[in-house]
Amino acid sequence: MTKHKVPPRTALTILFAIMIFIILSLTMFIVGILVFILVRTGIINKLGPPNALIPIMLLAFASILVGTLVGTIISRAPLRPATLLINGMNRLASGDYKARIDLGNLSIAREITTSFNTLAEELQHTEMLRSDFVNNFSHELKTPLISIRGFAKLLQKKHLSSEQQQEYLAIIVDESTRLCDMSTSVLNLAKVENQSILTDTADFNLSEQLRSCILLFEKKWSQKNLTIRADFEEHPVHANEDLLKQVWINLIDNAIKFSPDTGEIHVFISEPLSSDEITVSVKNNGPMISTENQNRIFNKFWQGDTSHSSEGSGIGLSIARRITELHKGNISVVSSPEETIFSVTLPR
Amino acid sequence: MFHMLVVDDDKNIRQLMRAVLEAENYTVFTASNGEEALEILDAHHIDLVIIDIMMPRMDGYEFTKTLRSVQNDLPILMVTAKQLPADRKQGFLAGTDDFMTKPVDEEEMILRIKALLRRAKIASERKIVIGDVTLDYDSLCVTRGDDMQELPQKEFLLLYKLLSYPGKIFTRIQLMDEIWGTDSGTGWETITVHISRLRKRFDGWPEFEIESVRGLGYKAVKHNDKA
């Protein structure tokens, strides 16, 4: 890597100038030799001084011929990278994202090589995510539908005990609910993933927003007799209110879902004066999330309980992560057998 | 015997809603779009409208705006597949009283309908009655048998608000914004002081109690709640 970065345009111009210089020099050299030979062997002398024009025209003509020949031969070198690049781009365009190129060692060539290969890698990565997602989603969609259809068909048969009927109907209700919730989540996910920059930000009271989100779940936490600790001062923040609301709703819902009865959920905000960040944490006394799972839980469709017997579709945390990324913040989890804490840090 | 109007362009949804509502002993009318709904409103007395948003000819937003523009305060519950926050805001701006996203939990819908009917009754009568206690909005008086107290305006409004939504927790900021206004300079202490005054006044009245929920806010709890 050169320490001085010569801008690509200038580098190309210099390269071009050098090539022209080489071509012209070679041409003149070759023509010079030809003339020398012709003079030496006496062919030109025969024409004599009055026709001084003829040697000049001959010289010119010879230059052009030789120059073109030399140029054609020499330009194969600089044109080769261009051809490589064009071929590489065509391969990407036709869907072969494994294409990579190497244009040689000149600094400008290395720059183009790096840019191209990075582009190809990103495309390959996106393609992988997309087909992964489609596969996962299709599977997540089909699984409950298979149950629903299966049990409905069984119900069509007449000889089932009323207990069995109730059981099968309950399964149909549960699986349909799961499907609906999943489609709602996926819609939210698609919306959030399609955003690359954060829009619609405003100043608002983060503490009040947290309180409202907690209150949304009042029925759920009173049913489990949970204690909610939510003592905080008022903290203003500048962010996208609707998107952050989704994050809190997801974290609080999970905290409640995985909390044992009569447990405690503690929501706290920390805003140290020294840094310009604000951190919201949601703590519960739920089961520990193992270290290997701590990263995976933020993946789409991941659920700790692979039998899918708990509600929810495993997309909430990946939406939460995407939203915090959009805010240039980050989300993390710390878990022990006694408590699990999810923390979201945002720049103020 | 309450009269409900269900407005949705999907036949199966109308049938489902009818079944759920009739199980609660409500009388049900149906319409498949906003225009038909208006016609039914002209011909029958309706207590509450459950309306979808996406319908041909006249959608849910249009219908709501039309009613509100002629000062019709009929309770409206929007039930729709549209789930974005922007859709909810649009619904509330149009004038709906409540908003649910499909698929709805039928139990929750019934509870919300009951709450809406209760509030409509309170709004139209401007009175809240709990056992022997009556709160009269127009006179700012709270009466229990022979004991009648006229309250200062803010104290009354605070109590009225909490008792209109019994069991619901309100944060201090929500109460301050509603009763004192968002731009007022009043601080938290005002709410705390008012609450303690209310508690002192009605200490020992068995019908209701104001509970604090630490860190979150306050709620009024009714002690002979049947509904």
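Chain letters run A, B, ... following the sequence lines, proteins first, then strands; residues in each count from 1.
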Enclosure of A:Arg149 CZ (heavy-atom neighbours >12, cutoff 6.0 Å)
no
Verdict with reasoning, A:Asp242 to B:Lys89, per salt bridge (charged side-chain N to carboxylate O under 4.0 Å, His left out)
CA-CA 11 Å; A:Asp242 287 334; B:Lys89 283 190 193 133; 3.3 Å; yes
Part of A:Glu234 within contact of chain B (heavy atom distance under 4.5 Å)
side chain
Looking at CG of A:Asn188 and CD of B:Gln83, how far apart are the two atoms once the value is rounded to the nearest 0.5 Å?
5.0 Å
Using a 6.0 Å cut-off, check whether atom CD of A:Glu277 has over 12 heavy atoms from anything other than its own residue.
yes
Working to the nearest 0.5 Å, report the span between CZ of A:Arg211 and CD of B:Gln174.
9.5 Å
Exercise: identify the closest heavy-atom pair between B:Gly215 and A:Asp231:
CA-OD1, 3.6 Å
Would a 4.5 Å heavy-atom cut-off, applied to side chains only, mark A:Thr184 and B:Thr101 as touching?
no
Assess whether atom OH of B:Tyr137 is packed by more than 12 heavy atoms of other residues, nucleotides or ligands within 6.0 Å.
no
Could you give the distance from CD (A:Glu218) to NZ (B:Lys168), rounded to the nearest 0.5 Å?
10.0 Å
With rounding to the nearest 0.5 angstrom, report the CG to CD1 distance, A:Asn205 to B:Ile173.
4.5 Å
How long is the straight-line distance from CG of A:Leu210 back to OG1 of B:Thr171, given to the nearest 0.5 Å?
12.0 Å
